[in-house]
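Here is the structure we will look at.
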Amino acid sequence: MEADGAFVFSSDVDLLVKGGFLTPAIDWAVLGETLLFPGNFHAATALRGVTELLPGEQATITRNGISIGTVWSPWDIVVDVKMTYEDATRELRGALETVHRGLSSVSKQSLVTVSGGLDSSIIAALTSRDCTKTTLVTFYTDDPYGDERRYAQGLAEHLKCELLVLPYVAPELETCLTMRAFLPRPTNRGLAMGVDSTLRKLACKEESCMIFNGYGGDNVFCSLRSARPLSDAILHGRSLKLAGRVSRSLANLTGASYSQIWSAALRGVARALSGSTGYRWPRNSSMLGATLREIERPAILHPWLMRAEATMPGKAAHVASLVVAHNHLERFAQADNVTSVSPLLTSPIVERAISVPTWMWFENDLDRFIARKACSDLLPASLVSRTTKGTPVALHSRFFEAHRKSLGDYLANGLLADRNLLDRDAVARCCKSEGPSRGLDFLRILELVDVESWCRFWTEQGLLLH
């Protein structure tokens, strides 16, 4: 940020406040677009005057001022359309092993959170090979949708690692509404506070300052749920036989018909051939105010989404998914002295994944095919072929049902409503409904509550400094 003619850099926004450089104030325009275009990560933060130096960027300061330049971009990585499945498998495995050897030299004792899915299992397998002691941690809810203990136990036995099995418990309502913010944008989730607190305590007990996770696997391993990879295959002149296999896998994963998949793919081809560039970020106008609903496109996009090479629909969507992954890299405040490490988002792995043509990730009715093949010898067969994993959505639903009136009042009397960023009637209808939650509107309410909590925290911090 710029303060009194000087450029101030900090790895922690709280240091800017304590150093007297920043009096926190919300940038409501940025915040509004954060609600409308979820996951659209870019340099502008929701705190006025605070910008972020993005991964892959470099700041150069001279007597004439400051300039920001891109020194690494996924568009710099050439997609090797002549690559074989064996080449892709070998190179990805090599990158995974290189990263984990490097990380093990820093932390010989490791905690790995496992969800029962493919990505976290890959991290657990590689970490257990390179670290002196690896402890796996899984959280479960008291409903079958969020109970992955069977898969986690099978993984732990296969790897011969200790497994800690802990309940996923929602925090008290007041705790959730008064969450302390530590980032300049509202990306942390109140219902995860209990899990985060438990992980911090475990890290201290196990004398491990790093907690490994499989976050970013869907993004890096191109787990798209659209016809765009098929568009890329057609544009690159792949065989009809290969296109058929890709379309079958996509239909199996998305539930769409073959005709729907091919129609969407051909529309993508037509847009690319007409010179259409860039990536159109998806909107979510649910429960937002009328002024926000009028906005069709984001005012700011990540630099990676501004490149002309985005004419390849699948590659553009793959890059966009990497942008989304930026939002949740910082799980813990720096003052916690605990680091959440996402190895799948390190540059060697990302570069190898980006070089793989998008259609090669979809084979045998599976997604992430190259990653599955690369690590098939490390994991139980049941995990290698698994396409689903658990979710705590039922716990979130029960939390909403138990507190819907209080949550509705919290939003109705909050800062977002005062700024006309909410559709008050839509929020009220959702929170006044009775009985079990239907659809996914309750998740949108919980998202809005998290953002409202973030806004109140930083607004109060700003008022305290006046």
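One is the number of the first residue; the rest follow in order along the sequence. Hydrogens, waters and symmetry mates are skipped; everything else that's a heavy atom, side chains included, is used.
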Taking it one step at a time, do Thr113 and Ile123 satisfy side chain to side chain contact (heavy atoms under 4.5 Å, CB included)?
CA-CA 9 Å; Thr113 57; Ile123 297 305; over 6 Å; no
To check you understand the geometry: which heavy-atom pair defines the closest contact between Tyr410 and Glu452, and what is its length?
CE2-CG, 3.4 Å
Side chains of Leu118 and Ile122: does their closest heavy-atom pair fall under 4.5 Å?
yes
Gly117 and Lys389: which non-hydrogen atoms are nearest, and at how many Å?
CA-CB, 4.0 Å
Just by distance, do the side chain of Asp12 and the backbone of Asp14 share a donor-acceptor pair under 3.5 Å?
yes
For residues His326 and Trp304, establish whether the separation of their ring centroids is below 6.0 Å.
yes
What closest approach, in Å, do Pro184 and Thr45 show between heavy atoms, and which atom pair accounts for it?
O-CB, 3.4 Å
With a sphere of 6.0 Å drawn around CZ of Arg293, does it hold more than 12 non-hydrogen atoms of other residues, nucleotides or ligands?
yes
Decide side chain to side chain donor-acceptor pair (under 3.5 Å) for Ser223 and Arg225; before the verdict, give the C-alpha distance in whole Å, the side-chain angles of both, and the deciding distance to 0.1 Å.
CA-CA 7 Å; Ser223 186; Arg225 292 297 184 266; 3.2 Å; yes
Within the distance-only criterion (no hydrogens, no angle test), does the side chain of Thr141 pair as donor or acceptor with the backbone N or O of Leu395 below 3.5 angstrom?
no
Given Cys176 and Phe399, is the side chain to side chain contact (heavy atoms under 4.5 Å, CB included) satisfied, shown in steps?
CA-CA 11 Å; Cys176 189; Phe399 182 86; 4.3 Å; yes
Take atom CZ in Phe182; do more than 12 heavy atoms of anything else shown fall under 6.0 Å from it?
yes
Any cation-pi pair here, Arg185 with Phe41, using under 6.0 Å and within 45°?
yes
Checking Thr346 side chain against Pro348 main chain: does a donor-acceptor pair fall under 3.5 Å?
no
With Arg372 as the cation and Phe221 as the aromatic partner, state whether NZ or CZ is under 6.0 Å from the six-membered ring centre and within 45° of the axis.
no
Give a yes or no answer on whether the side chain of Thr34 reaches the backbone of Val30 with a donor-acceptor pair at less than 3.5 Å.
yes
Between Leu378 and Leu159, which heavy-atom pair has the shortest distance, and what is it?
O-CD2, 3.8 Å
Quickly, which of Glu401, Arg398, His396 forms a side-chain hydrogen bond (donor to acceptor under 3.5 Å, both in side chains) with Ser437? Name it, please.
Glu401
So Leu16 and Phe9, do their side chains get closer than 4.5 Å, heavy atoms only?
no
Trp454 vs Trp458 aromatic rings, parallel, tilted or perpendicular, using cut-offs 30° and 60°?
perpendicular
State whether Asp409 and Lys405 are salt-bridged, where the test is any N-O pair (Lys NZ or Arg NE/NH1/NH2 against Asp/Glu carboxylate O) under 4.0 Å.
yes
Strictly below 4.0 Å, N to O, side chains only: are Glu296 and Arg280 in salt-bridge contact?
yes
Assess, by modelled atom type and distance only, whether the side chains of Thr358 and Asp232 contain a donor and an acceptor separated by less than 3.5 Å.
yes
side-chain hydrogen bond (donor to acceptor under 3.5 Å, both in side chains) partners of residues 162-182, not counting sequence neighbours, each pair once
none
Give a yes or no on whether a salt bridge exists between Arg331 and Asp196, defined as a side-chain N under 4.0 angstrom from a carboxylate O.
yes
Donor-acceptor pair, distance only, cut-off 3.5 Å: does the side chain of Arg228 make one with the backbone of Ala264?
no
Take Phe332 and Arg200, measure what side chain to side chain contact (heavy atoms under 4.5 Å, CB included) needs, and give me the verdict at the end.
CA-CA 9 Å; Phe332 302 108; Arg200 285 194 295 268; 3.7 Å; yes
Can you find a pair of side-chain heavy atoms, one from Val220 and one from Leu322, that are under 4.5 Å apart?
yes
Short side-chain to backbone donor-acceptor contact, Glu33 and Ala299, under 3.5 Å:
yes
Spatial distance of atom CG (Asp218) from atom CG (Asp367) [nearest 0.5 Å]
7.0 Å
Close side-chain approach of Leu177 to Leu407, heavy-atom, < 4.5 Å:
yes
In terms of the angle between their ring planes, are Trp359 and His236 parallel, tilted or perpendicular, with boundaries placed at 30° and 60°?
tilted
How long is the straight-line distance from CD of Glu91 back to CG of Leu96, given to the nearest 0.5 Å?
12.0 Å
With side chain to side chain contact (heavy atoms under 4.5 Å, CB included) as the test, would you mind laying out the steps for Phe400 and Leu443 before giving the verdict?
CA-CA 8 Å; Phe400 170 78; Leu443 290 177; over 6 Å; no
What heavy-atom pair brings Pro303 and Glu57 nearest, and what distance separates the two atoms?
CG-OE2, 3.5 Å
Lys201 side chain reached by Cys204 side chain, heavy atoms, under 4.5 Å
no
Could you pull out the closest heavy-atom pair between Pro357 and Met83, with the gap in Å?
CD-SD, 4.4 Å
Output the distance between atom CG (Leu164) and atom OG1 (Thr198), rounded to the nearest 0.5 Å.
11.0 Å
Measure the shortest side-chain to side-chain distance between Pro24 and Val17 over non-hydrogen atoms and say whether it is less than 4.5 angstrom.
yes
Steps toward side chain to side chain donor-acceptor pair (under 3.5 Å) verdict (Asn213, Ser342)
CA-CA 5 Å; Asn213 60 67; Ser342 304; 2.9 Å; yes
To the nearest 0.5 Å, atom CG of Leu448 lies from atom SG of Cys455 at 10.5 Å
Can you tell me how far apart CG (Leu136) and CG (Leu111) are? Round to the nearest 0.5 Å.
9.0 Å
Heavy-atom side-chain proximity of Leu273 to Leu235 below 4.5 angstrom:
yes
List the steps, then state whether side chain to side chain donor-acceptor pair (under 3.5 Å) holds for Trp72 with Glu351.
CA-CA 10 Å; Trp72 186 93; Glu351 288 175 3; 2.7 Å; yes
Scan residues 118-136 for pairs that pass side-chain hydrogen bond (donor to acceptor under 3.5 Å, both in side chains), counting only residues two or more places apart or in two chains.
Glu97-Arg129, Ser110-Thr134, Ser115-Ser120, Asp119-Arg368, Lys133-Glu206
Looking at residues at least two apart in the chain, or sitting in another chain, which of them share a side-chain contact (heavy atoms from CB on, under 4.5 Å) with Leu292?
Leu288, Ile295, Leu421
Do Trp361 and Phe369 come within less than 4.5 Å of each other through their side chains, counting heavy atoms only?
no
Does atom OH (Tyr145) have a neighbourhood of more than 12 heavy atoms from anything else shown, all under 6.0 Å?
no
State whether the side chain of Arg404 and the backbone N or O of Cys430 hold a donor-acceptor pair below 3.5 Å, judged by distance alone.
no
When rounded to the nearest 0.5 angstrom, what is the spacing between NE2 in His42 and CG in Leu54?
9.5 Å
